[in-house]
Amino acid sequence: MDEQKLIKGLKQKKIWAYEVLYDDYAPKLGSLVKSYLGTDDVEDVLQETFIKVFKNIKKFRGEAKLSTWLYRITINVCNDLISKRKKRNYFLVDFQEDEEKPSLDPPAPNDVFREVMDDLSFEELTGLMEKLSSEDKLLINLRDIENFSYDEIAKMMDKPVGTIKSKLHYARKRLKDLLTEAGYGK
Amino acid sequence: MESKDYSKLLVHMKERCCYNPSEKSKERILSKIKRRKRKPLLYSGVSIATFFLLLFSVNFFTNNSILVQPKMSMPNLMSSFNKGRNNLNSELSLNLDKSDVEQASFNSLFGDKISSSFSFLNDDTNGNLPDIVVDSVY
């Protein structure tokens, strides 16, 4: 569907427009949330995002793409959730001290089944990805999976392009180091 | 790490982060949006109803004011009481007169009945009274 027509429908608060928006963007936004936050809270974040779109669509001037604007709202909702989680963890830290943390140790490097990347199992990859920071995962997702330009990512994250390039470079390096540590990609 | 390996890793990552929204989730979000869309309409309806209710009540109370009279002083109260008593007396006497008439008519009717019942006593003058024996032996 034509983006301008969709935006017009959204501004007129037409339900069909929100339905189209959901069908077009919910899978992409959901995968972004999943990569940024993990598996939890995806539906809650999506719900909050669409309600924010409904509330603030009048403020959308069309200077950026609709997708960029949507991703920015989603990232802001995720950031709010992360800060809430941090606050909650701050209060709960005393109770969690004795709890056993999940083991995320990398597999042994001399394992013959892990010489090739294809043998990297889902759980191992999950373990490796968990070691990356949320921001690193988000940047890799936006640039290397969703193929957004640096400019678009900069607008989404409200940071200069240079900062985004630098952060992405270090995120890729950290991922590479993690894989090397685990014995892959040598 | 080769770019080939990196791209493979990205494919894994994409698969891992793949999200397929459910119909239920879509319905839930759309119903929330619908509810928010209806909210201004609901608020305006409620405010219009409140406005008319207020207008009606103001109109009602201005047109139907309750007059509270000042309390009476003691002499006024006494005179009103005396007046009330006189009225009551006249009313009662009227009622009493009325009940006397009723009583008189009742008495005359009752007297006639009694006298007719005991009319046989008038025949005693002839000395034909029946002998009445009272047996007192048990």
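Below, all heavy atoms of this structure are taken into account, side chains as well, without hydrogens, waters or symmetry copies. In the text below, chain A, chain B and the rest are named by the order of the sequence lines, each starting its count at 1.
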Give a yes or no on whether [X] and [Y] share a hydrophobic cluster (residues Ile, Leu, Val, Met, Phe, Trp, Tyr; joining criterion: side-chain heavy atoms under 4.5 Å apart).
X: Tyr43(B); Y: Phe51(B); answer: no
X: Leu54(B); Y: Phe60(B); answer: no
X: Tyr170(A); Y: Met157(A); answer: no
X: Ile33(B); Y: Leu42(B); answer: no
X: Ile140(A); Y: Val11(B); answer: no

With rounding to the nearest 0.5 angstrom, report the [atom1] to [atom2] distance, [X] to [Y].
X: Phe54(A); Y: Ile29(B); atom1: CZ; atom2: CD1; value: 13.5 Å
X: Leu30(B); Y: Phe50(A); atom1: CG; atom2: CZ; value: 8.5 Å
X: Leu10(B); Y: Leu175(A); atom1: CG; atom2: CG; value: 8.0 Å
X: Arg28(B); Y: Leu46(A); atom1: CZ; atom2: CG; value: 9.5 Å
X: Ile145(A); Y: Glu15(B); atom1: CD1; atom2: CD; value: 10.5 Å
X: Lys26(B); Y: Asp23(A); atom1: NZ; atom2: CG; value: 3.5 Å

* **Side chain to side chain, Lys34(A) and Cys18(B), heavy atoms closer than 4.5 Å** => no

* Asked: Would you say Lys32(B)'s side chain and Ile51(A)'s backbone share a donor-acceptor pair under 3.5 angstrom?
  ->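 Such a contact is absent between Lys32(B) side chain and Ile51(A) backbone.
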
* Give a yes or no on whether the backbone of Lys13(A) and the side-chain of Lys37(B) come within a donor-acceptor separation of less than 3.5 Å. =>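 It does hold such a pair.
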
Would you indicate whether [X], at its atom [atom1], is surrounded by more than 12 heavy atoms from other residues, nucleotides or ligands within a distance under 6.0 Å?
X: Lys173(A); atom1: NZ; answer: no
X: Leu41(B); atom1: CG; answer: no
X: Lys14(B); atom1: NZ; answer: no

* Structure fact -> Most heavy-atom pairs under 4.5 Å with chain B, out of Gly30(A), Ser31(A), Ser35(A), belong to Ser31(A)

* Asked: Hey, which of Glu146(A), Lys137(A), Lys55(A), Gln47(A) has the most heavy atom pairs under 4.5 Å with chain B?
  -> Gln47(A)

* Testing Val42(A), Leu32(A), Val33(A) for side chain to side chain contact (heavy atoms under 4.5 Å, CB included) with Tyr19(B), which one passes? ->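 By the side chain to side chain contact (heavy atoms under 4.5 Å, CB included) criterion, Tyr19(B) pairs with just one of Val42(A), Leu32(A), Val33(A): Val42(A).
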
* To do: Looking only at non-hydrogen atoms, find the nearest pair between Tyr22(A) and Ser25(B) and report the distance.
  => OH-OG, 2.8 Å

